[in-house]
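So the structure is just underneath, and the comments pick up after that.
The model shown is predicted, which means the values in this text are computed figures rather than measured ones.
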Amino acid sequence: MALCPVCSCLCDDIEVVKSANNIESLSNACRRGTAYFLNFNVDRLEPSIDGKKVEVEESIKSAITLLKNSRKVLIYGLANVDDEAQKIAFEIADKIPSILGDSSVYSFLVKKILAREIKTNTLDYVRDHADTIIYWGSDPSNSHPRHLSRYTYYPRGKYRQRGWEEDRYLIGIDVRDSSTSKMFKKFLKIKPSEDVDLIKALIISLSGKIPNTTLDKKTILELTSQLKKAKHGVICAGFGLAQAIYNNLELFKELLAKLNEIGEYIVIPMLEGANAFGFEKLMYEKKIDSTLEQLHRAILNSEVDLALIIKSDPVSELPNPLQKALLKIPLIAIDSRRTLTSSKAKITIPSAAASIEFSCSLYRMDGVMVRGEKLLDSRAMSDAEVLRRLREGI
Amino acid sequence: MASPMEVFQLLPKTNCKLCGEPSCMAFAFKLISKEHKLEDCPPLYQEKKYASNREKLEAIFKKVEKAVETGLIIHSEKCFGCGNCVVACPVNVAEDPTGSALGLGPKNDKVILKVVKGVITANNVQKCRRFGPDRILCNGCIVTCPSEAIEFV
């Protein structure tokens, strides 16, 4: 059994058929996981400096020189690396002036969860107990393809033996029709930025009053009556909800308090990076307060003069102004395969593929640690080894 | 899949009986149940005025060619391997109560649906609830598919 380190579902039931140095076939993984396992050896990253191929030692040496001489370093992409590598990256951050960041908007929500201000539980608990599942602002069919089938809606849990047919009710709230919207038993399509109005309306209607709102009152009342039936509810907070409650967290907490008067309602953040929870946990433990705005400002205002990018591709995933600002500073890319970022990087350092070529521990989106054992031997260094070498040098 | 009426509209509608059936409507039904092939209708191939309709019919029945004996068609190009059907299929749940039923990958080979290389594959189709003398119109795998990759004819 292998662990798939692509999204934060961290499926650990992947069956792999392998040859001496490659993976021939696999079952149970979704398309995202399959693409990762079958192509991990395609287009591998070569060590280079200014586009010229060099030895790994040389590229590590010049990366150390750059890190030593920089004013402030941006360490980016830690949500995708394993626990050990994250801890070493934090040690690097202690040694040199730096800013740690990732493109996730969930950090404030995870911090509140870790501070026990927002109630949560494990996905295994959700599978055994949940009877009302709400996907708010998220399309799990595309972002976390096995989320519905492994944990929330379709499996037959210990106390939900009749599964999705009778025991569970799936509610969706989103601004658009998505692949998942067809499966919801109740789908509420709202306009962009109407989430806050919906939260306010739900708080009023849960108190037994009719809300004064621009949203369709009948739908709100139907939704409320469904929410009132729940014994164990779960809100899977997607990107949409996270953005909506970023400035209105108290309102969301009020809604949760109201819901918890009826039954037990918990929140699961639909984190994207494989170890995003681990990253947020370390940030919380070390009391580092870094918001997405701070990170963007640091890039846009050239506060950072060097970027250390690990297992991530910000040049293709960040918005255009940030991309342009990022390309003005030298980049050090650590990755197993070539990406757009690595092709624009000043220094590239190859590393091994997680959970295929080295064993790794990752935190799932609910905060449970999952361990993936390595499948194949490799000469490439793991992420932690590369970062350890950098830490020793500076 | 097209309905018998849609197929009938594309046939010559002359009730010439050359196929051996009493009417073109009967022929349309038998085409869908795979008891006849398009080639059994001679006017469709001999007369030029039916050429465009014939092409449309061929396009419809090309999709059915890959259907298994229970009529299950998997459009693997649409499937993204979420495994909803694996967990929802009642036969999978009955045959594998500690694997598929709990949302995990199947733990034995008795199951019908399994995700291999990121797309769904069907084995043991004779166990399907839509097969055999006691068949029912089970649609567990169809309604749970977010990408409409599973179809029955």
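- Paired with A:Glu357 under the rule salt bridge (charged side-chain N to carboxylate O under 4.0 Å, His left out), one option of A:Arg44, A:Lys18, A:Lys374 passes, and it is A:Arg44.
- Comparing B:Gly118, B:Gly81, B:Pro106 by how many heavy-atom pairs each has under 4.5 Å with chain A, the most go to B:Gly118.
- When heavy atoms are compared at a cutoff of 4.5 Å, A:Thr34 approaches chain B solely by way of its side chain, counted from C-beta outward.
- Between A:Phe277 and A:Tyr363, the ring planes are tilted. Angles from 30° to 60° get that label.
- No side-chain donor-acceptor contact under 3.5 Å links A:His232 and A:Tyr159.
- Highest contact tally toward chain A, considering only B:Ser100, B:Ala88, B:Ser147, B:Pro97, is held by B:Ala88 [criterion: heavy-atom pairs under 4.5 Å].
- By number of non-hydrogen pairs under 4.5 angstrom with chain A, the leading residue of B:Val119, B:Leu102, B:Thr144, B:Val116 is B:Thr144.
- The environment of B:Lys78 atom NZ is dense: over 12 non-hydrogen atoms of other residues, nucleotides or ligands sit within 6.0 angstrom.
- Among A:Asp128, A:Asn28, A:Leu26, the residue with the largest count of heavy-atom pairs under 4.5 Å with chain B is A:Asn28.
- Looking at heavy atoms from C-beta onward, B:Val91 lies out of side-chain contact with B:Asn124 at the 4.5 angstrom threshold.
- Listed options A:Gln161, A:His144, A:Arg146 were ranked by heavy-atom pairs under 4.5 angstrom with chain B; first place goes to A:Arg146.
- Taking chain B as the reference chain and counting heavy-atom pairs below 4.5 Å, the highest number among A:Ser179, A:Gly33, A:Ala35, A:Ser25 is found for A:Ser179.
- Across all their heavy atoms, A:Thr339 and A:Ser312 have their closest contact at OG1-O, 4.5 Å.
- In the model, A:Asp366 has no side-chain atom that pairs as donor or acceptor with a side-chain atom of A:Thr122 under 3.5 Å.
- If you tally non-hydrogen atom pairs under 4.5 Å between each of B:Thr121, B:Ile120, B:Asn84, B:Val86 and chain A, the highest count goes to B:Asn84.
- Contacts between B:Lys117 and chain A at a heavy-atom distance below 4.5 Å involve backbone atoms as well as side-chain atoms.
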